[in-house]
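The first residue of the sequence shown is numbered 1, and numbering continues consecutively from there. No hydrogens, no waters, no symmetry mates; every other heavy atom, side chains included, goes into these values.
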Amino acid sequence: MRIALLSLALTASLGLAGCSSAPLATPRDTALTLPAPQPPAGMRLYALQTGRMYSRAAFAFEGGRFGDERVFSAGGILVRHPKGTLLFDAGFGPSVAAHRKTSPWLLRATTKYDRQSSVADQLRAAGIAPSSLTAVILTHAHWDHVSGLETLPRSPVWVTRDELAFIRSGDASTALARQLGTASYVAYDFPDGPYLGFAHSRDVFGDGSVVLVQAPGHTPGSIVAFVATPDGKRYALIADTAWQREGVDLPAEKPWIVRRVDADRAATRAMLVRLHQIKAAMPGLIIVPAHDSRVWAALPKLGPAAAGG
Ligand SMILES: [Zn+2]
């Protein structure tokens with residue numbers, strides 16, 4: 001039965017992938033006030049990839065081709081700042097095979113994966129004690145972002161109030177988040193002012209180097225993290241609002257076959273348009289979907305030299 005359903009779904013997706021779907025409307029936002037962050041000299045950003053999922057563009061964004069094979073990264077983004085060390089998401093942990101069983105069967109059926117070193121092992125290899133993390137900040141609470149929490153039992157895990165409510169609601173997509181580290185969850189607010197068109201924000205270090213905003217859609221409490229580093233680079237960690245960068249570049253939502261992973265489709269579409277507008281206003285902004293391995297490949301890697309930084 002499952003094979004028959006999958007075959008039907010694949011056939012339908014193939015048909016759709018060949019059609020040109022109407023792009024999301026993207027009026028230019030001329031009212032955007034561009035921020036001027038002041039990241040301190042010692043601040044750094046690193047990508048800690050903990051695994052890969054092998055999929056296709058047809059399953060990543062509307063209009064993607066079935067023959068266009070894509071590697072989805074899974075992992076965490078580490079931000080070292082003189083005032084603290086943050087890890088955005090925890091990627092895959094050693095128990096990922098069991099953890100993955102909490103994900104929808106269609107995603108499992110259409111995706112192979114492999115595991116690499118956990119975030120904790122990568123931190124230790126760089127001379128950083130995992131227990132020294134100021135916080136793990138979840139972009140959202142889906143299994144592939146929380147699996148690695150099993151290796152970080154002593155770290156506070158920051159989640160938005162909306163995401164904590166989503167976890168506690170019993171939603172099936174947050175089953176693993178309920179199993180892992182629930183005692184570590186710390187809910188936070190957005191006490192700071194408007195930022196890039198978002199009504200509220202949280203300026204984590206007070207210097208504009210790490211600013212969190214609410215980005216509901218994929219999940220009710222998803223966030224986008226804007227990170228500025230002293231080398232002049234600007235990043236937007238957009239989590240799973242788009243799985244691949246075309247989601248913002250075109251912009252395009254996820255294909256219908258997997259769209260049910262977005263808790264609120266209309267809000268996800270609005271967020272993609274918002275991010276597309278921000279990218280238009282800040283052409284140098286590096287959009288970092290949580291699962292675009294092409295983007296991750298270009299991010300700094302954590303090595304032994306980072307231990308003193
Ligand atoms: Zn994900």
Side-chain angles (χ1 to χ4, degrees), residues 50 74-77 86-108 118-120 130-131 133-192 198-202 204 210-225 237-243 254 258-271 289-291:
T50 61
I77 302 288
L86 307 174
L87 179 66
F88 288 92
D89 292 334
F92 289 172
S95 305
V96 63
H99 293 168
R100 189 168 177 265
K101 289 178 180 163
T102 67
S103 69
W105 74 265
L106 179 61
L107 292 181
R108 277 182 278 143
S118 70
V119 282
S131 60
L133 291 178
T134 305
V136 180
I137 301 179
L138 294 183
T139 62
H140 63 295
H142 282 165
W143 75 275
D144 49 316
H145 300 256
V146 304
S147 168
L149 288 179
E150 65 175 336
T151 68
L152 302 167
R154 296 170 61 185
S155 301
V157 180
W158 293 3
V159 291
T160 67
R161 289 195 187 282
D162 288 341
E163 198 69 355
L164 189 55
F166 185 50
I167 294 168
R168 289 176 173 161
S169 74
D171 188 276
S173 71
T174 58
L176 186 60
R178 280 187 293 281
Q179 291 173 30
L180 294 172
T182 49
S184 307
Y185 294 155
V186 179
Y188 64 91
D189 291 321
F190 295 85
D192 300 314
F198 294 89
H200 305 285
S201 64
R202 183 176 193 90
V204 177
V210 179
V211 177
L212 314 180
V213 299
Q214 293 166 293
H218 183 60
T219 66
S222 283
I223 61 163
V224 169
L237 313 183
I238 68 159
D240 285 17
T241 296
W243 282 335
K254 297 180 185 75
V258 294
R259 201 174 289 151
R260 74 181 69 176
V261 303
D262 291 331
D264 184 332
R265 180 184 172 192
T268 304
R269 289 165 64 100
M271 194 57 55
H291 298 305

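Classified by interplanar angle (parallel below 30°, tilted 30° to 60°, perpendicular above 60°), the ring pair Tyr188/Phe190 is tilted.
Partners of Asp171 according to the side chain to side chain donor-acceptor pair (under 3.5 Å) rule, which considers only residues two or more places apart in sequence or in another chain, are Ser173. Legend: residues meeting ring pair (Phe, Tyr, Trp, His ring centres under 6.0 Å) with Phe198, ordered by chain and number and at least two apart, are absent. Checked against side chain to side chain donor-acceptor pair (under 3.5 Å), Thr151 has no partners two or more places apart in sequence or in another chain.
The closest donor-acceptor contact from the side chain of Thr50 to the backbone of Ala74 lies under 3.5 Å. Proximity of a side-chain donor or acceptor of Arg161 to a complementary backbone N or O of Asp189 within less than 3.5 Å is not detected. Judged by distance alone, with hydrogens and angles left aside, the side-chain atoms of Thr102 form a donor-acceptor pair with the main-chain N or O of His99 at under 3.5 Å.
Two residues are said to be in side-chain contact when any heavy atoms from C-beta on lie closer than 4.5 Å; Asp144 and Ser103 fail this criterion. Put simply, the side chain of Thr160 does not reach to within 4.5 Å of the side chain of Leu212, judged on heavy atoms. At a threshold of 4.5 Å between non-hydrogen side-chain atoms, the residues Arg100 and Ser147 do not count as touching. Annotation: side chain of Ile223 is not in contact with side chain of Arg202 (no heavy-atom distance under 4.5 Å). For the pair Glu163 and Leu138, the minimum side-chain heavy-atom distance is 4.5 Å or more.
Nearest approach of Gly76 to Val119, heavy atoms of both residues: N-CG1, 4.2 Å. Nearest heavy-atom pair across Val186 and Pro156 is CG2-CB, 4.3 Å. Across Ala263 and Thr219, no two heavy atoms sit closer than the pair CB-CA, 4.1 Å. The shortest heavy-atom contact between Asp89 and Gly75 is CB-O, 3.7 Å. What you find for Ala290 and Asp240 is that their closest heavy atoms are CB-OD1, 3.3 Å. What you find for Gly93 and Glu150 is that their closest heavy atoms are C-OE2, 3.2 Å.
Note that CZ of Arg108 and NZ of Lys101 are 8.5 Å apart. Values are rounded to the nearest 0.5 Å. Separating the NE2 atom in His140 from the NE2 atom in His145 is a distance of 3.5 Å, to the nearest 0.5 Å. To the nearest 0.5 Å, atoms CD1 (Ile238) and NE2 (His291) are separated by 10.5 Å.
Taking the six-membered ring for Trp and the full ring otherwise, Trp158 and Phe88 have centroids separated by 6.0 Å or more.
A 6.0 Å sphere centred on CZ of Arg259 holds more than 12 heavy atoms belonging to other residues, nucleotides or ligands.
Each of Thr268, Asp262, Thr241 was evaluated against His218; a single residue qualifies, Asp262, per the side-chain hydrogen bond (donor to acceptor under 3.5 Å, both in side chains) test. Screening Val136, Leu152, Leu87 for a side-chain contact (heavy atoms from CB on, under 4.5 Å) with Pro130, the sole residue that qualifies is Leu152.
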